[in-house]
Structures are given as C-alpha cells and as structure tokens.
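Order of the sequence lines sets the chain letters (A, B, ...), proteins ahead of strands, with each chain counted from 1.
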2 protein chains.
Amino acid sequence: MTMPTGLAHECVSLVPLFNQLTHADKETIESIVHQHHYQPGETIFSAGDSLDSLMIIASGQVKVYQLAENGKEQLLYLLKTGDFEGESALFSQTTRQSFGEALLPTAICQIERSDFQMLMQQYPSISINLLNEFGHRLSKLEKRTTQATTSSIESRLADYLVETSAGLKETTFKLPLKKKDLATYLGTTPETISRKLKDFEDQGFITQGGGKKVTILDSDALALIS
Amino acid sequence: MTMPTGLAHECVSLVPLFNQLTHADKETIESIVHQHHYQPGETIFSAGDSLDSLMIIASGQVKVYQLAENGKEQLLYLLKTGDFEGESALFSQTTRQSFGEALLPTAICQIERSDFQMLMQQYPSISINLLNEFGHRLSKLEKRTTQATTSSIESRLADYLVETSAGLKETTFKLPLKKKDLATYLGTTPETISRKLKDFEDQGFITQGGGKKVTILDSDALALIS
DNA sequence: CGACACTTTGATGCGCGTCAACCTCAGTGG
DNA sequence: CCACTGAGGTTGACGCGCATCAAAGTGTCG
C-alpha cells in the first residue's frame, strides 16, 4: 500500500511531531509510513477497531466522534492537515473508542505501533512533542468539560464563535462545520443552534450571511454571556 | 524546604512514573524533590499561579477543580497517593488553569520544571510512562465529555456508581466524595443527587446506609439507564 | 451542647430537547 | 433549462428534566 509519491515526505515534514529531527532522520521515517486515501463521508476507523498505528493527516479534514449508549453522537475533534490521531494513546488502549470520518478528500499516513515505539526510543524529542500535544488536548478538553457541565448552551455557542473567530483571525468567517455537527460538538441540537444564532443577531452581536457565513460585531458582548 | 524524612523516598518509589528506574537512579531523583504538607481544606495551588513544578501526592487526597465564569465549580480529578499533577503539561502551559485543594492531611513532593525536563532527557522511560498516563486521562475525559453532553444526570450518576463499585471491587462502599463535590463532578446539584439516589433506592437498584454508604443491588439495571 | 456544614424535601420556573411542518438550496436527470 | 428530489436548515408548539430557592432535618467537631 506504500506509494511512490511525495506524500510520505509531506506527512513527515508537515507534522510538528517531527520538528526537531534532521533531514536524514526524517527520511528514515518516511520509509516506514503507509498511506491511504479517503473520500468525503468515508469512515476511516470505528470504535472497536484494534489500535495498531498512529495516523497523520497529510491533507483533508477528519471528524472524530463517539457514540453514547443512547446512540447520540458527540464530536470530539476536528483534525486538519498536520494533526494526528492515535486514540490519545498508542500506549494504553488496544481498542479504539471513537469513530473517524473524512469530511473532505483526505490523505492519511500511518505508522505502525511497533515502528513508532522504536522511533520514540531513538528520538526522545518525539516523546516531548507528543507530551506537548497531549497536554494541549487535555487542557482544552478540561475546559470543554467544565463548560459542558456548568454553562448554558448560549454561553458555549458564544464562546465557540469568539474562539473560532480568534483562531482564524477574522471577524467574518464561514462556520467550519455543518450545523448538525456543530450541534453535536456543543452538545445540543441544530434547532437550538439556529435559534441562538438568531437571538445573537437580534441583539446585534453578529450578522449571518448565506452559506454558514457569520460576522462578529461585538465579541466582548458574546464573551460576557454566562 | 527539603526535609530529612523518608518521604522523598516514598514519593519516588510510590509513583508508577518512576517504575522502571534502578535503585541508584531513584536516589538521584530523591535528592531533587521538595516537600510540602497541607491540611484538609488548604489550597495547594490556584488558577493563575505560574506552573513551574510537577507535584506528586505522597499521601492524602487532593481535589482538582476549575471555576467557570459564572463561578460554578467543576471537579476535574480526585488525586490519591501516587498520582501526580502538572496541569496536564509542564510543557505547554505556563499558568495554571485549575485549583487544587487538600481533602485530607496531604504530603506532596515537587520536582522543578527544569529538573524534570532533565530527567526526561536522561530516562526516556519516564516520558513513556507519562504518555501512558496522559493517554488514560484523555480517554476518560473524552468519555466524560461525551456523557456530559449526551446523557441524563440519572444515567451519569448510575454510571458513576457502577464504575466506583467496580473500581473498589465492592458492592457496598462509602462514597469517596461529599455529595456537594460529587454534584460538581457530575455537573449537577446536591439536591438532584439526593433525589436520584432516592429514586434508585425506590426502584430497588441500591440501598443507602448512614454516612454516604451505598450498596449496589442491581448493577445491570443501573448500567442500562439511558 | 451549640454552631455550622452538609443533606434532604418540597414548590416553582425555565432552558432546551423533541416532534412536526415548512423552507431553501444543490445536484440530478429528463 | 427546468421540474424533482433529498439533505440541511428554520420555525413553532409543547413538555420534561433539572436548577433554583427556601426551609427543615441530620451529622459532626470543638
């Protein structure tokens, strides 16, 4: 399944994970990655799959979500180019607990568990980079959990708009998710998102254009919503 | 602040983090830890503090929580002997985002950021152990977030009871938290906890004894609550 | 034994999920 | 080029779960 394209090179050079390595080191890594391509809507992995490789997004976009017992979907992460996914742990778990689905045409590089563990032994900087990334994810998840259990939907949506805008450094932007997915991300329903956005518009905090476009007019007011 | 007790030894030998090290290695680590003691109710660290050391619980119990903007408390972790806390990242963050409070008389060993990073360079197994731990925390948090946004309080409480019972390998046990803290852990209020526990009792799933004691009668029924 | 924190119980209200109908729009085939 | 279709989005009506407020009960530690 390994292909003779430049994609392996992209994977390795793109990812912050391998930042500190020399060119030669990166080449040895390139030789052990495997590649796959996925179409929008295609499932990349499912809960229950055995977890035997680290996946790196070479291009495209992947949504990672869990299903609750009642069948409800919870969007956990949205992975973009350069992000990676190893179920938070190529270490502890052996079975996946979440689903991955391509939202765009997506190319993925995989490194086998054993190969990756060898790499970590050989290049300690990889572990440090991984710890960094895990630390960030943990902090963000802690904040999300706190928000999910203590704040209103209104507040969570406002916060999401402000953060997304800040992340893109644009006050006008297109929502990166379908409302349905945004709803599961925030732990609510599309209907409620619709209503709250309308409320925000009525209060003059935002304006909505066609095609999921949003303009933030008063981010301070949004940030103050409790 | 370093003290000549055997506590430093305990810290290092207790923690899974340092499992694979030789006795000699552990002794060098013991020489660089600092120690502190705290009384129940005492605050160990606060949000906004600078984050410059890894903390290991030598004995006692610590609750780690965040405050939402509306002032509500969210219990994130309950740390027991052998657990550690470095705000999920001695790496990325420089400022703490959570609070730590001793619930029992508690002894804590600290390792300075720079010392710890040196240790990780020297002993790669420490990084691997850390990655393991972070992986576990991430998985658990992902599950909690999913539950928080998709399931009812009833379901979350039922799940908590089952998991706690399974963790202790006892069907009769004392709740390790005050109802007030349990409430913030599950993202609800003490009143609701009271009522739901009564419901469970009425339905014959559990019985309640004095002093936070609970006996699980039908864990299957509890697990089925959606 | 008194004071204070925790817990329980009841009454009330509101946020948001649910269900259903309608609207919009992009893609498809005639 | 336009009607057809189906998915995503919007809007309204309604009800339930749980937070909130208040007050009485219980435990615990000095």
Side-chain angles (χ1 to χ4, degrees), chain A residues 39-41 63 68 70-75 101 103-104 146-158 160 174-203 206-214 225-226, chain B residues 39-42 63 68 70-75 101 103-105 146-158 160 174-203 206-214 225-226:
Chain A
Q39 296 308 310
K63 79 169 183 186
N70 53 31
K72 280 199 199 164
E73 182 178 319
Q74 161 74 20
L75 204 164
E101 178 188 327
L103 293 183
L104 303 174
T146 299
Q147 276 197 144
T149 52
T150 59
S151 307
S152 65
I153 296 282
E154 194 162 275
S155 154
R156 275 182 265 165
L157 176 58
Y160 173 83
K174 202 167 122 276
L175 291 173
L177 289 168
K178 285 180 284 199
K179 291 230 170 86
K180 199 176 68 164
D181 287 331
L182 179 54
T184 81
Y185 182 80
L186 295 174
T188 181
T189 58
E191 293 95 322
T192 299
I193 304 251
S194 255
R195 290 187 243 268
K196 294 302 179 188
L197 284 179
K198 192 141 147 297
D199 288 352
F200 290 164
E201 198 168 17
D202 289 347
Q203 295 175 65
I206 67 169
T207 59
Q208 299 187 65
K212 301 198 196 67
K213 209 174 295 173
V214 174
I225 292 175
S226 71
Chain B
Q39 296 309 310
E42 207 171 338
K63 80 169 180 186
N70 54 30
K72 281 200 199 161
E73 183 177 319
Q74 160 75 20
L75 205 164
E101 178 188 326
L103 293 182
L104 303 173
T146 298
Q147 275 197 146
T149 53
T150 59
S151 307
S152 66
I153 296 283
E154 195 161 277
S155 154
R156 276 181 266 166
L157 176 58
Y160 174 84
K174 203 167 121 274
L175 291 174
L177 289 168
K178 285 180 286 203
K179 290 230 171 88
K180 199 176 67 161
D181 287 330
L182 180 53
T184 81
Y185 182 79
L186 295 175
T188 182
T189 59
E191 292 95 322
T192 299
I193 303 254
S194 255
R195 288 186 243 268
K196 295 300 179 188
L197 283 179
K198 192 140 148 293
D199 287 352
F200 290 163
E201 197 167 19
D202 289 348
Q203 295 174 66
I206 67 168
T207 58
Q208 298 186 65
K212 302 200 196 65
K213 209 173 296 174
V214 174
I225 293 176
S226 70

(message) Taking donor-acceptor contacts at under 3.5 Å, does the side chain of A/R195 reach the base of C/dG17?
(response) no
(request) Rounded to the nearest angstrom, tell me the gap between atom CD in A/E201 and atom C1' in D/dT10. (result) 13 Å
(message) Applying side-chain hydrogen bond (donor to acceptor under 3.5 Å, both in side chains), can you list everything that pairs with B/T184, at least two apart in sequence or on another chain?
(response) none
(request) Check the distance between C/dC16's P and A/L197's CG and give it to me in whole angstrom. (result) 14 Å
(request) Name the nucleic acid region contacted by B/G187, choosing base, sugar-phosphate or nothing; use a 4.0 angstrom heavy-atom cut-off, strictly under. (result) sugar-phosphate
(request) Look at the side-chain N and O atoms of B/T189 and state whether any lies under 4.0 Å from the OP1 or OP2 oxygen of D/dA19. (result) yes
(request) Would you mind reading off the distance between A/L182 atom CG and D/dT10 atom C1', rounded to a whole angstrom? (result) 15 Å
(request) Would you give the length of the straight line joining atom CG of B/L157 to atom CZ of B/R195, rounded to the nearest 0.5 angstrom? (result) 13.5 Å
(message) Strictly below 4.0 Å: does B/K179 bring a side-chain N or O up to OP1 or OP2 of C/dA5?
(response) no
(request) On DNA chain C, check which nucleotide each of B/L177 and A/I153 is closest to and give me the residue with the more 5' one. (result) B/L177
(request) Taking only the side-chain nitrogens and oxygens of B/K196, find out if one of them lies under 4.0 Å from OP1 or OP2 of D/dC18. (result) yes
(request) May I ask you to evaluate whether B/K178 reaches the phosphate of C/dC6, defined as a side-chain N or O under 4.0 Å from OP1 or OP2? (result) yes
(request) Give the rounded distance in Å between these two atoms: CG of B/L186 and P of D/dG17. (result) 18 Å
(request) Can you figure out which of C/dT9, D/dG9, D/dA19 approaches the side chain of B/K198 most closely? (result) C/dT9
(request) Quickly work out the A/E154 CD to C/dG15 P distance and round it to whole Å. (result) 9 Å
(request) Please check if any side-chain donor atom of A/T189 sits under 3.5 Å from a side-chain acceptor atom of A/T192, or the reverse. (result) yes
(request) Grab the CD1-P distance between B/I193 and C/dC6 for me, whole Å please. (result) 15 Å
(request) Provide, to the nearest angstrom, the distance between the CG atom belonging to A/D181 and the P atom belonging to D/dA7. (result) 15 Å
(request) Could you list the residues that satisfy side-chain hydrogen bond (donor to acceptor under 3.5 Å, both in side chains) with B/K179, not counting sequence neighbours? (result) none
(message) For D/dC21, does the base pair up with any side-chain atom of B/E191 as donor and acceptor (N or O, under 3.5 Å, distance only)?
(response) yes
(message) Strictly below 4.0 Å: does A/K180 bring a side-chain N or O up to OP1 or OP2 of D/dT10?
(response) no
(request) Kindly point out which of C/dT18, D/dT11, D/dA19 is positioned nearest to the side chain of A/S194? (result) D/dT11
(message) So, does B/K72 get its side chain near the phosphate of D/dA19, meaning an N or O under 4.0 Å from OP1 or OP2?
(response) no
(message) Pairing donors with acceptors under 3.5 angstrom, does anything connect the side chains of A/T149 and B/Q74?
(response) yes
(request) Let me know the distance between CD of A/Q208 and P of C/dC23, rounded to the nearest Å. (result) 19 Å
